Structures are given as C-alpha cells and as structure tokens.
J.: 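Once you've had a glance at the structure underneath, I'll fire off some questions.
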Amino acid sequence: MELHELSLTQAVDLLARGEVSSLELTKAIIKRIEDTEPQVKAYLTLTGEAALEQAKAADQAREKGQAGPLCGVPAGLKDVLCTAGMRTTCGSKILNNFVPPFDAFLVKKLKDAGMVLLGKHNMDEFAMGSSTENSGFQTSHNPWDLAAIPGGSSGGTAASVAAGSSLFSVGTDTGGSIRQPASHCGVVGLKPTYGRVSRFGLVAFASSLDQAGPITRSVADAAMVLSVIAGHDPADSTSDPHPVPDYAASLEHGVKGLKLGVPREFFVEGLDPEVETTVKAAMAELTSQGAELMEVSLPHTEYALPVYYIIAPAEASSNLARYDGVKYGLSVRSEGGGLLDMYLDTRSQGFGPEVIRRVMLGTYALSAGYYDAYYGKAGQVRTLIRRDFEAVFKKVDAIVGPVTPTPAFDIGQKVDDPLQMYLSDVFTLSTNLAGLPGMSIPAGFSKAGRPIGLQIIGPHFAEETLFAVGHAYEQATDHHLRRPPL
Amino acid sequence: MKISASEVAHVAALARLRLSNEMSAKLTGQLNDILTAMDKLAKLDTSGVPSTNHALELSGAMRPDRARDGLNHDQALANAPDSDGQSFIVPKVI
C-alpha cells in the first residue's frame, strides 16, 4: 500500500510504532499533491515548505513523548476555516489576499493535536454551491471520474481526501456541503449536531445552519477527528456545553436491535434507480446485522428546499455585508468615487454570480413588506420540519436513506440552471434546518464508476449512533477501501 | 411575475451591489423562477406555529465581565486595503 492510500487510523498507527516518520509521510503526501493536482485541482493554497518544518517538529515531539492524537499527520483544510498567517479565501476573489490574524477554534485544536497543515482546499464561493463550479478560482475534479463534479461546497476537500492528497480533513456543511461531496467522492463525511463544533473562525455563511465536520476515509477516522474538534468554545455563543463522549468507544456498539427509519418521502420520483438500489442494498446489510428497518414519514420534506433557500440566503445577506472594502479583502476605489462607490464596486466585482444571486434573494426576503411572507413563514415551516424529526425519533434510533438524488453529475451540466443545482440538496437540507447530525458513508458505485453514499441521520448529539451504524456497515463491506484510478 | 425590474434595482441598492443591465435582467428572471418555486410555502397552514431561528434551545451564553486579549493594533490593520498605521482609511464620507 502506498502511503497516500492510508487511512488516518493506519497513519496514526504507523507513526506511533515508528514505522514511518512524519517527515517521510509528509513528503509522500506532498509528492501525491504534485502528482494529482494538475487533474484534481483540490487546493487553492499549498504550504509545502512550512509543512515539512511542522513534520520535523512533530517527529521531535514524538521522540520526547509529547505526541498528540494527530501528531505528524499531513492534511489540508477547507478554505473557509481561518488559519493564522495562511491565506484564507473562502473560494472568493473578494478575499483573494486575506490572511487571518487568528486560527479558527477547531484549527487550533487540530494544531494542538499535532496535525501538519499542507494548505487550503478549493470550495464553492462562501460555501454557496454543490460542485465547486462557483469557486472564484477553479473547479475541482472528482478523482473517480475527472469529468464529474466532486460535489460542493466542500468539493476540494472531499476530492483531496479521496485522492490521498490529504490523509483526513475538515469541511463545512450548511445544506449538505460535507455529506454531498463525501458521497460523490466515495469518502465519509459527517455534519455534527449544530453547536457540537465551534464556529469561531469558520467564515459565516448562514449562522443558524453552518457546522464544521470531518471528511475522512473511514468512520473510525471521522470519530478520531470529531474527538479532536468537538467541544465547547466560550468564543462561540452557539457552541453547546454538552460534554464530548468517547466517540471511539461507540464504533463497536453494533446495530443489533437498533431501529432505523426509512423516510418514504426520500424514495420518490427523481431518485436515480442506481442510487435507490445501492441504498436499499446497504439497508439490507444493516438488517442482516440485526437492525430493524421501518418506514417512517417526514411529511414536510418537500418544503425543505424553499425554506432553506429563504433562510440561508437571508442569513448570508447579513453575514456578507461585512465585505465592503474597509478592513480587509478587495477594495475597489475609483478616482473621484466616494464611500458608496467603494461598497458598490468592491462587492459587485469581488462576488461571483451565485453569491450575488443569494445576497439578492436574502435581502429581498428580509426587506420591508416581504419579511413576514418569506423569512417569517420560512421560520414557521422550519419548526414543522423540526417537529417531523422529533416525532420520528420517538420511534426510531436513526434515519437512513440516500444522500443525493443522483450520483455526481458532469462538470458544466447544471451550472446555468441554479434551481436544478439546488435540487441536488433535497435530502440533506432538512438535517441542517433541524440542527441534527448527519453522516454520509460510501455504499457503492454506479455502473459508470461514480460513488454513491448512504446517509444516516440521528437525533441531537447522537453522533455515537451514527458511528455505530456506519462502522458496522463498513466492517462488512469494502467500498471505503477502494481507491480512485488516479 | 414575482419581482419586477425596479424591485431588483431597489434590492441591489440595499445589498450595496452595482449590477449591469445584462446581469439585472438575468437575475430578475432567475429570482422569479426561484421565488415561484417557493409559492408552495404560502399554501401551508402555519397558524400558531412559532418560528425557529436557532437550531438549539441555547440561551444566555454569558461570561464574566473581564477584559480579555484581542487583536493588537498591527494585527487588526494587517489586511487593511489602506491605512496610516493608526486607522483604516476610506474614501470621504462627508
């Protein structure tokens, strides 16, 4: 096995036993980056030299017996996470040269755990998109089929983990942006419960929906990463003080006796037959291990799309008001122009079309005369969506179903039809609206060789249940062990 | 027609965006499509249903009223598009 094919768990084990040094491992992944980046284009910023220094420091720390849980493991991070002293663009031209003066809380935790930071991953601009085609810089390619999208907005991250140019990573998910790219790239992606992971330093898109989480090769890897990044942060007032359990211990719980709900509204027209077959086969595997499947109903599923596309853009229009050319980022100041001109020109030139579209939508939904009809109404329907899940979780321990309606589509296929693009999130949106944890795990491939994921959704703070179900499925299958032909 | 061209212009001004005629026209069409897709929300009966604005029932995240370290001057100005070392410089306001 090549070093870039290792899972995080395997890498940590080899490092601990001294069979490989962090310097060797980091050099191998840097080489893998060089080999794969021309085709995958997962990275926006690469910091190889600094990474090698970190790797040496990690090896020294290990010699002194001071190795943290991720000591010496090389990885990149989604470019929406603030990394002190390292360019952070959020995939936007408006932040092309922004260098944060601080680390995001979760980045600090990863660094304290000893990770070696290789660089920052490409993404849809300000996390708005499902394919990375909205990045202000480049489109990333799916390592399994370079003509396919890797998904989005954490597309660069998922592609990098799949390609082995990052041995684990962290993405963010507002409407499906961890789970959907994980599904398309054949890797594990977990969106934790809202409030589980601090949003301090996670550049805000929609503050009541955003959540950062692991994107990894295996469920055990995801548990390891979540253990590092989860936890209360006084600097984030939406950070939940719920104690962090021992996630590793939950892996072997098994599924015997677990009740898994299958929402009938997820199996409707529009669901690709190969996705349906793959997901049903995965459910059959769980049944054979002792889980009990039952049909459930989430009656307001069809309203998740309009609710999300009012609430998220509304919150985004407020969060993105800060990009005004005053304190950081692009600043367009014309000869003889005033303050207003600076605002108008900076924003119009710095934001891409999808960001402009959502800022416009959000501003409209919040404007006088429309607030009640749109934002007010959406908030009420959000309550109904939350109540659907509460009712279902009285009967089942977790929900299983597809992640996306189809396997990854081709690059360029949906870029001119925003509404079509939005439809790729129909199965993931309601999870964010209700603040629940959701995970995508590799469940198979289409005939064309594009990965298909299984989604597992749990009640608040039930990540342990997700890990138990995911790990049990993984142990009996080998989809997560396959590597792209790159 | 859910949103007119003049409403698009008004919203753009609120959002501090300067849109070309071409972009305005395209956006008007796209926004109309998206807003039409939301019509189904209006048909739902939500009388008496409270709005959810927060995913969690958290409130009152407090801390002791004691000063903590923040960014120092140089850090705060490090990304300034224009600065005199003391302040951010912007075009004339008045």
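This structure is a prediction, so every number in the text was calculated from the model and none was measured. Each chain gets a letter, A, B and so on, in the order its sequence line appears, and its residues count up from 1. All heavy atoms count here, side chains included; hydrogens, waters and symmetry mates do not.
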J.: Please identify, among A:V359, A:I310, A:L436, the residue contributing the most non-hydrogen atom pairs under 4.5 Å to chain B.
T.: A:I310
J.: Quick check: under 4.5 Å, non-hydrogen atoms only, which of residues 194-203 of chain A neighbour chain B?
T.: A:Y194, A:G195
J.: If you count heavy-atom pairs under 4.5 Å between each of B:V8, B:L41, B:N79, B:V90 and chain A, which one has the most?
T.: B:N79
J.: Side chain, backbone, both or neither: which part of B:M23 has a non-hydrogen atom closer than 4.5 Å to chain A?
T.: side chain
J.: Looking at chain B, which one of A:E315, A:R386, A:H460 has the largest number of heavy-atom pairs inside 4.5 Å, strictly under?
T.: A:R386
J.: Nearest heavy-atom pair of A:Y374 and B:K2: which atoms, and what distance?
T.: OH-CD, 4.2 Å
J.: Indicate the atoms forming the closest heavy-atom contact of B:T52 with A:R382, along with that distance.
T.: O-CD, 3.5 Å
J.: Counting heavy atoms not belonging to B:N21, are there more than 12 under 6.0 Å from its CG?
T.: no
J.: Out of A:P100, A:S367, A:P101, A:S208, which one racks up the most heavy-atom pairs below 4.5 Å with chain B?
T.: A:P101
J.: Might you point out which heavy atoms bring A:L344 and B:L17 nearest each other, and give the distance in Å?
T.: CD2-N, 3.5 Å
J.: Just so I understand: if I count every heavy-atom pair under 4.5 Å between each of A:F102, A:Y364, A:F351, A:Y343 and chain B, which residue has the most?
T.: A:Y364
J.: Any idea which heavy atoms bring A:T238 and B:L56 closest together, and the distance?
T.: O-CD1, 4.3 Å
J.: Verify the neighbour count for atom NZ of A:K414: are there more than 12 heavy atoms of other residues, nucleotides or ligands below 6.0 Å?
T.: yes
J.: If you count heavy-atom pairs within less than 4.5 Å of chain B, which of A:G435, A:P306, A:G338, A:S237 leads?
T.: A:P306
J.: Pick one of side chain, backbone, both or neither for A:D240, based on which atoms fall under 4.5 Å of a heavy atom in chain B.
T.: both
J.: Output the residues of residues 317-333 of chain A for which the shortest heavy-atom distance to chain B is under 4.5 Å, in residue-number order; output 'none' if no such residue exists.
T.: A:G325, A:V326, A:K327, A:Y328, A:G329, A:S331, A:R333
J.: Backbone N or O of B:V49 within a donor-acceptor pair of the A:Q380 side chain at under 3.5 Å?
T.: yes
J.: Under a 3.5 Å distance rule, please check whether A:T383 uses its side chain to pair with a backbone N or O of B:P50 as donor and acceptor.
T.: yes
J.: Heavy-atom distance under 4.5 Å to chain B: side chain of A:E302, backbone, both or neither?
T.: both
J.: Find out whether A:H300 and B:L44 are in side-chain contact, i.e. whether some heavy atom of one side chain is under 4.5 Å from a heavy atom of the other.
T.: yes
J.: Is it the case that atom NZ in B:K26 sees more than 12 heavy atoms from other parts of the structure closer than 6.0 Å?
T.: no
